[in-house]
There are 2 protein chains.
Amino acid sequence: MQAAEKERGLSIKEVSQKFGISQDTLRYYEKVGMIPPVTRTAGGIRSYGPADQSWVSLATCMRGAGLPVEVMCEYVKLYRQGDATIRERLQLLIDQRDALMNRKKQIEATLKRLNFKIARYEIAAETGSLPPLSEEDRKRFDP
Amino acid sequence: MQAAEKERGLSIKEVSQKFGISQDTLRYYEKVGMIPPVTRTAGGIRSYGPADQSWVSLATCMRGAGLPVEVMCEYVKLYRQGDATIRERLQLLIDQRDALMNRKKQIEATLKRLNFKIARYEIAAETGSLPPLSEEDRKRFDP
DNA sequence: ATACTATCTGGAGTCAGCTCCAAGTCAAGG
DNA sequence: CCTTGACTTGGAGCTGACTCCAGATAGTAT
């Protein structure tokens, strides 16, 4: 009776555990169109097949990197319109890649600054007070 | 009359332009304690001296990288308590560095995924439809 | 059939981080 | 002194992304 008649999908609970995101969030993503409608059982219960899981995977990946929900919605919308939107989707992906690369640069700059401060604080933790900064250092990194 | 009697600070407008953040946001940062109280003129108008600007610089840098306002508030609070909090501040900085490094990793993973998709879409833009993915590819990168 | 748990829906609530507003002050020019 | 425009405050409002809830339904074990 539980043999593979059709592909067995995962329940929302299982998907929630697999991707580390709440059931509420999964329903929310679907509601706002960040992923396409998930496969349902006859009774209307979500059963995430491989394709559904792929979308969840993509959505959590993009959100995890901080891309807006709205952008994923747009991508899904275009995707569902078929091959005619391939160029648009490509452009969207490129735009988001650019955005992420900028974001990464920002983070790298901030990491540099943090590392500089940490180095000073490691000395300070020994001596009990912060060493004064040189003029040049003050020009790039401050308090 | 406008000779250097004391250091001339920048107006909120100038600081706003210099750092590319709104005057409202500058006041907000100060209000919530994300930067220490800014120097004022006799009349109560903000006049950002070098130290004030340094704090703004730090705040915008950290916020730009996505660190929470609350964390900067904590840092400022500790800073204002003096040398006794040096170890705590060091720990805070280290924690935030770790958080940022994770964030950076997430972004790098997402960039990989985006690049993979973009490569497929560039082919698709030529041929008019997406090439099917190999089984192995599907296992890491999907829709 | 009964009990019990998992899932469903629509809609309201929450939180962070700004952003806007009104009513009032300050400062410089005429 | 008067006007004009930048600046002040406290507080309300907004947006994005969830998060929670109540009441209804589905599936499962007894």
Side-chain angles (χ1 to χ4, degrees), chain A residues 1-2 5-6 8-35 37-49 52 56 58-76 96 99 103 106, chain B residues 1-2 5-6 8-35 37-49 52 56 58-76 96 99 103 106:
Chain A
M1 250 146 202
Q2 80 284 52
E5 180 188 84
K6 286 282 158 82
R8 219 127 266 322
L10 299 188
S11 72
I12 194 168
K13 185 182 194 180
E14 289 164 327
V15 173
S16 144
Q17 284 160 355
K18 178 166 175 184
F19 293 98
I21 113 178
S22 79
Q23 300 182 30
D24 272 327
T25 300
L26 280 166
R27 283 187 281 255
Y28 167 74
Y29 282 176
E30 188 178 350
K31 177 153 64 175
V32 299
M34 199 175 153
I35 59 176
V38 170
T39 315
R40 305 290 183 118
T41 66
I45 295 207
R46 290 175 183 81
S47 171
Y48 292 80
D52 299 313
V56 172
L58 182 66
T60 53
C61 180
M62 298 299 147
R63 283 297 303 128
L67 297 188
V69 166
E70 204 198 354
V71 170
M72 268 302 290
C73 292
E74 178 67 11
Y75 179 76
V76 168
Q96 297 315 307
R103 199 130 181 62
Q106 259 269 30
Chain B
M1 253 145 203
Q2 79 285 53
E5 180 189 82
K6 286 282 156 83
R8 216 131 260 333
L10 299 188
S11 72
I12 194 168
K13 186 181 194 182
E14 289 164 328
V15 173
S16 144
Q17 284 160 355
K18 177 167 175 182
F19 293 98
I21 114 178
S22 78
Q23 299 182 29
D24 272 328
T25 301
L26 280 167
R27 284 187 280 255
Y28 167 74
Y29 282 176
E30 187 178 350
K31 176 153 64 178
V32 300
M34 198 174 153
I35 58 176
V38 170
T39 315
R40 305 290 183 119
T41 66
I45 296 209
R46 289 176 182 81
S47 171
Y48 292 81
D52 300 312
V56 172
L58 182 66
T60 53
C61 181
M62 298 299 147
R63 285 296 304 128
L67 297 189
V69 166
E70 204 197 353
V71 169
M72 268 301 291
C73 292
E74 179 67 11
Y75 179 76
V76 168
Q96 297 315 308
R103 196 126 187 66
Q106 259 268 30

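Computed over heavy atoms, backbone and side chain alike; hydrogens, waters and symmetry mates excluded.
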Using atom [atom1] of [X] as one end and atom [atom2] of [N] as the other, report the distance to the nearest whole Å.
X	N	atom1	atom2	result
B:R40	C:dA27	CZ	P	12 Å
A:I12	C:dC8	CD1	P	5 Å
A:Y48	C:dT7	OH	P	10 Å
B:K13	C:dA27	NZ	P	17 Å
A:Q23	C:dT9	CD	P	12 Å
B:E30	C:dG17	CD	C1'	17 Å

Please give me the minimum heavy-atom distance between [X] and [Y], naming the atom from each residue.
X	Y	answer
A:G9	A:S47	CA-OG, 3.2 Å
B:L10	B:K18	CD1-CD, 4.1 Å
B:A59	B:Y29	CB-CD1, 4.2 Å

According to side-chain contact (heavy atoms from CB on, under 4.5 Å), who are the partners of B:K31, at least two apart in sequence or on a separate chain?
none
Partner of A:L67 by side-chain contact (heavy atoms from CB on, under 4.5 Å), out of A:M72, A:R103, A:Q96:
A:Q96
Which is true for B:R27 with a 4.0 Å heavy-atom rule: it touches a base, it touches only sugar-phosphate, or it touches nothing?
base
Per-nt protein contacts along nucleotides 15-30 of chain D (heavy atom under 4.0 Å; B base, S backbone sugar-phosphate only, - none) come out as --BBBB-----SS---
If only side-chain N and O atoms of A:R46 are considered, is one of them under 4.0 Å from the OP1 or OP2 phosphate oxygen of C:dC8?
yes
The side chain to side chain donor-acceptor pair (under 3.5 Å) partners of B:R46 (sequence neighbours excluded) come to B:E30
